[in-house]
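This report refers to the structure that appears directly beneath it.
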Amino acid sequence: MRFRPVILIIAASFAVFGMVSGAHASEQNRTIRIPVKQADMDGLDACIRSGFEDCRKCRQANQSNLSLMQYTLLREALAAGGFTATVEPVLSPNSERSRKMIEAGQADVKTDWIFNIATDDSTLRTEPLFLTGEIEKGLYARRDFIDADRQIGLADIKTMRAVGIRNWRLDWQVLESLSPATLSSAATTIQVFAVIDAGRADFTLLEFSSQEDMGREVDGIRLYPIPNVKISLPATQHFMVSARLENADRVVDALNRGIRTLRESGFIQRCLVNSGVINPAVAYWQTLNSMTETIRAEPATVSTQ
């Protein structure tokens with residue numbers, strides 16, 4: 001009988017150890033889901049399956065898959081912030097659907113503009129991942145539309161036909177401010193490319209590619225930036241975190257620590273450059289939309305494709 005307390009103590013110790021070990025294992029096995037559009041999924045999946053770290057560390061130049069950049073930044077920010085988790089891509093058709101997935105808990109974290117992140121109890125947001133004006137875009141068109149010897153200005157843009165995605169609020173506002181002759185709305189990036197390829201629009205806004213010709217290709221259609229002009233996006237971008245995610249507050253805290261670390265180390269800058277979002281080749285191109293003056297004239301005629 002005198003051994004019973006000892007046995008009970010030992011049993012309790014094993015129980016506590018088991019609970020701690022279980023909790024530790026659970027923490028180690030956390031999965032964070034990031035929504036990824038179809039056009040980027042194959043490239044991201046190939047990188048993950050390759051087992052090579054270069055493509056997941058923004059070490060490769062000419063890496064024009066933006067979802068891969070966002071996957072990388074989420075993965076590295078979590079790690080730098082001390083939160084161990086596996087980042088898993090889940091398919092999403094477009095940005096609007098991705099936001100709904102985050103709000104409903106069908107995905108966990110995505111990058112988004114500050115004005116797209118709900119202020120209700122469905123989501124949380126981190127500190128800025130990308131700063132105001134840090135992300136630039138080009139005016140992308142078919143190669144046969146571009147005249148390399150012609151200097152394009154705002155007056156020329158007003159004679160051109162633009163196409164964009166109305167749900168991409170900031171891009172749409174910038175397109176409106178440029179006052180093109182017409183402004184068409186498409187539902188997806190694939191449709192945007194198809195509209196331009198069919199000759200029903202002249203240009204759209206796209207992040208610069210880090211490829212030598214700065215071209216971007218979707219569904220076999222390749223577009224190129226009109227030389228010497230660009231726009232900057234006047235808003236901050238953040239990680240949008242689902243409030244339904246277990247320990248969502250802890251994830252946000254970890255991401256904030258990670259963002260600060262990655263910015264100080266230059267990692268965010270490297271990802272932006274190697275993904276073409278910041279392209280040194282366009283450093284001295286004219287920024288058509290100024291953040292200090294209004295360039296909007298008469299509103300463009302809007303049609304829906």
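What you see is a predicted model, and the numbers here were worked out from it, not measured in a lab.
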Has the side chain of [X] got a donor or acceptor atom that lies under 3.5 Å from a matching backbone atom of [Y]?
X	Y	result
R33	G105	yes
E134	F130	no
R143	Y224	no
S275	L66	no
D108	L245	no
R216	E207	yes
S242	R244	yes
R257	G81	yes
N256	D253	no
T126	F239	yes

Nearest 0.5 Å, please: how far is [atom2] in [Y] from [atom1] in [X]?
X	Y	atom1	atom2	result
D202	I146	CG	CD1	11.0 Å
D171	I231	CG	CD1	6.5 Å
K230	N289	NZ	CG	10.5 Å
Y71	C55	OH	SG	8.5 Å
M240	I117	CE	CD1	6.5 Å
I135	Q237	CD1	CD	4.5 Å

Walk me through whether I196 and R142 qualify under side-chain contact (heavy atoms from CB on, under 4.5 Å).
CA-CA 7 Å; I196 294 176; R142 295 191 314 184; 3.7 Å; yes
Residues in side chain to side chain donor-acceptor pair (under 3.5 Å) with D197, at least two apart?
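For D197 there are no side chain to side chain donor-acceptor pair (under 3.5 Å) partners, ignoring immediate neighbours.
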List for me each residue that meets side chain to side chain donor-acceptor pair (under 3.5 Å) alongside E96, sequence neighbours excluded, and say none if there are none.
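Checked E96 against side chain to side chain donor-acceptor pair (under 3.5 Å); matches are R99.
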Are F52 and M69 co-members of a hydrophobic cluster defined by side-chain heavy atoms under 4.5 Å apart?
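Different hydrophobic clusters.
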Could you state whether M101 and W113 fall into the same hydrophobic cluster, counting links through intermediate Ile, Leu, Val, Met, Phe, Trp or Tyr residues with side-chain heavy atoms under 4.5 angstrom apart?
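Looking at the clustering, W113 is in a separate group from M101.
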Minimum heavy-atom separation for [X] and [Y], please, with both atom names.
X	Y	value
L262	S265	O-OG, 3.1 Å
P89	L44	CB-CD2, 3.7 Å
C58	N274	O-ND2, 2.6 Å
P180	L175	CD-O, 3.1 Å
I226	A141	CG1-CB, 4.3 Å
A118	T123	O-OG1, 3.1 Å

Which residues satisfy the side-chain contact (heavy atoms from CB on, under 4.5 Å) test with D147, sequence neighbours excluded?
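Partners of D147 by the side-chain contact (heavy atoms from CB on, under 4.5 Å) criterion, ordered by chain and then number, come out as D149, R150.
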Residues in side-chain contact (heavy atoms from CB on, under 4.5 Å) with T189, at least two apart?
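Listed in chain order: K37, I165, W168, F193, V218.
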When you compare the side chain of [Y] with that of [X], does any pair of heavy atoms fall below 4.5 Å?
X	Y	value
N279	E136	no
L78	L255	yes
I102	P35	yes
L74	I32	yes
F267	T261	no
L129	T111	yes
S184	R161	no
V90	V36	no

May I ask you to say whether R56 pairs ionically with E53, meaning some side-chain N is under 4.0 Å from a carboxylate O?
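Result for this pair is yes, salt bridge flagged.
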Any salt bridge linking E76 with R270? Criterion: basic side-chain nitrogen under 4.0 Å from a carboxylate oxygen.
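Salt bridge: no.
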Would R30 and T84 count as a side-chain contact (heavy atoms from CB on, under 4.5 Å) if you check the C-alpha gap in whole Å, the side-chain angles of each, and the deciding distance to 0.1 Å?
CA-CA 7 Å; R30 285 293 299 274; T84 302; over 6 Å; no
Does R169 make a cation-pi contact with F115 (under 6.0 Å, within 45 degrees of the axis)?
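Because its charged atom sits under 6.0 Å from the ring centre and within 45° of the axis, R169 does stack over F115.
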Listed partners of F208 passing ring-ring contact (aromatic ring centres under 6.0 Å, His included), at least two apart
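If we apply the ring-ring contact (aromatic ring centres under 6.0 Å, His included) test to F208, skipping adjacent residues, the hits are W285.
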The test is side-chain contact (heavy atoms from CB on, under 4.5 Å); show your working for K137 and V174 and say whether it passes.
CA-CA 11 Å; K137 289 192 174 186; V174 170; over 6 Å; no
With sequence neighbours excluded, give me every side chain to side chain donor-acceptor pair (under 3.5 Å) pair touching residues 39-48.
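Every pair satisfying side chain to side chain donor-acceptor pair (under 3.5 Å) with a residue in residues 39-48: D40-S67, D45-R49.
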Under the side-chain contact (heavy atoms from CB on, under 4.5 Å) rule, what do M160 and I152 come out as? Steps first, then yes or no, please.
CA-CA 11 Å; M160 299 178 186; I152 297 292; 3.9 Å; yes
